[in-house]
Amino acid sequence: MKATKLLTSASIGALLLGMSAAAHSANWRYAHEEFEGDVQDVFAVAFKEYIEENSDNTVQVYRFGELGESDDIMEQAQAGILQFVNQSPGFTGSLIPEAQIFFVPYLLPTDEETVVEFFNNSKAIHEDFPELYAEQGLELLKMYPEGEMVVTLDEPFTAPEDLRGKNIRIMTNPLLSETYRAFGATPTPLPWGEVYGGLQTGIIQGQENPIFWIESGGLYEVSPNLVFTGHGWFTTAMMANQDFFNGLSEDEQQLVRDAAQHAYEHTLEHISGLADDSLAKIQEASDEVTVTRLTEEQIEAFRARAPQVEERFVEMTGERGAALLEQFKADLEAVSGD
Ligand code: 6CS
């Protein structure tokens, strides 16, 4: 009788413990813009694994197309349907105009080590951007680079004049339109889902993206001339719905921050050498592909058009944008020693 009573109390205790653990564990939803194994997915999976190894919570990762386009997942994150979202500044321009700073051409260097050092240390990235995202109900957890931007076209090009009359697909971001107009092309903003078909049918004649994406999305099949213009890096951002984040305990907030830091470090290791590997795969898969690396002199003709884009950025974003630009440049100077 006594033993039964003891067992019963122990079982109830265990049940209560289980229930309280269950009450505190949650399934968090996290959507990004890419496919399995792509850079944003590598980040998301590393984040998920860290959370699941260090807590009772689970993370459900949704990839491109499962919940819609980039704009759809951002809306869902702002509405609290998703707890986490990865949206690239290329699509965030209408929500946070200052995020377009990444599309001022030739602002970021091409050298990977300097770019990584910039993302590790920049005050603009770690202090200014979190405030801008917070105004939209978003807790910015990480901004990170994915790869150097490369332009693909229906024929090789070396000068802005060669881009005349070419419809170049850009992400839906007004400043990118300015960049490609300045480069002499006709900018064509489109969501990702329309790019492959647009190139295949000839509605657009080119686009820009990092090499890993040109390989994984098979873009080289329909846009085989790759041109390294050195004008920028593809940057992305991972964040949480801020009401959700503020509602977490301090320990859980720290867990989320630690998981984001772990995912960031893991992703930077992943992108190291990725562009070369992806280019080798592309060249293995296709005889049609051409690779043009613009010379310094050829780049100069494009770089000469950057100041007008920078001016437009300041016009679009006012004093805050101007201050951000100044900080961005100071942060770059600190890491490149220019
Ligand atoms: O060009 C785009 O739209 C896509 N590019 C990359 C590298 N990631 C996601 C984005 O949707």
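A quick note: this is a predicted structure, and the numbers were derived from the prediction, not measured. Ligands are counted one by one from 1 in listed order, and the atoms in each one are counted from 1 as well.
- Environment of CD in E113: sparse, with no more than 12 heavy atoms of neighbouring residues, nucleotides or ligands closer than 6.0 Å.
- The option from I211, N209, T172, T235 that lies nearest to atom 5 (N) of ligand 1, judged by heavy atoms, is N209.
- Between F302 and P160, the shortest heavy-atom distance links the atoms CZ-N, 3.4 Å.
- A side-chain donor-acceptor contact under 3.5 Å links E33 and S88.
- Residue F64 places every heavy atom at 4.0 Å or more from ligand 1.
- For the pair Q207 and ligand 1, no heavy-atom separation below 4.0 Å is found.
- Look at S70 and you'll find every heavy atom at least 4.0 Å from all atoms of ligand 1.
- Taking every non-hydrogen atom of P210 and a distance limit under 4.0 Å, the qualifying atoms of ligand 1 come out as 7 (C).
- Other residues, nucleotides and ligands contribute at most 12 non-hydrogen atoms within 6.0 Å of the CD atom of E319.
- Inclusion of E208 in the set of residues having an N or O under 3.5 Å from an N or O of ligand 1 is not warranted.
- A salt bridge does not link R63 with E66: none of the charged nitrogens is closer than 4.0 Å to a carboxylate oxygen.
- Counting non-hydrogen atoms of neighbouring residues, nucleotides and ligands closer than 6.0 angstrom, the CD atom of E36 reaches no more than 12 such neighbours.
- In this comparison of E34, E33, H32, the heavy atom closest to atom 8 (N) of ligand 1 sits on E34.
- Within a 6.0 Å sphere centred on CD of E297, heavy atoms belonging to other residues, nucleotides or ligands number 12 at most.
- Looking from atom 11 (O) of ligand 1 to the surrounding protein, the closest heavy atom is F91 CE1, 3.5 Å.
- Shortest contact from atom 2 (C) of ligand 1 to any protein heavy atom: R169 NH1, 3.4 Å.
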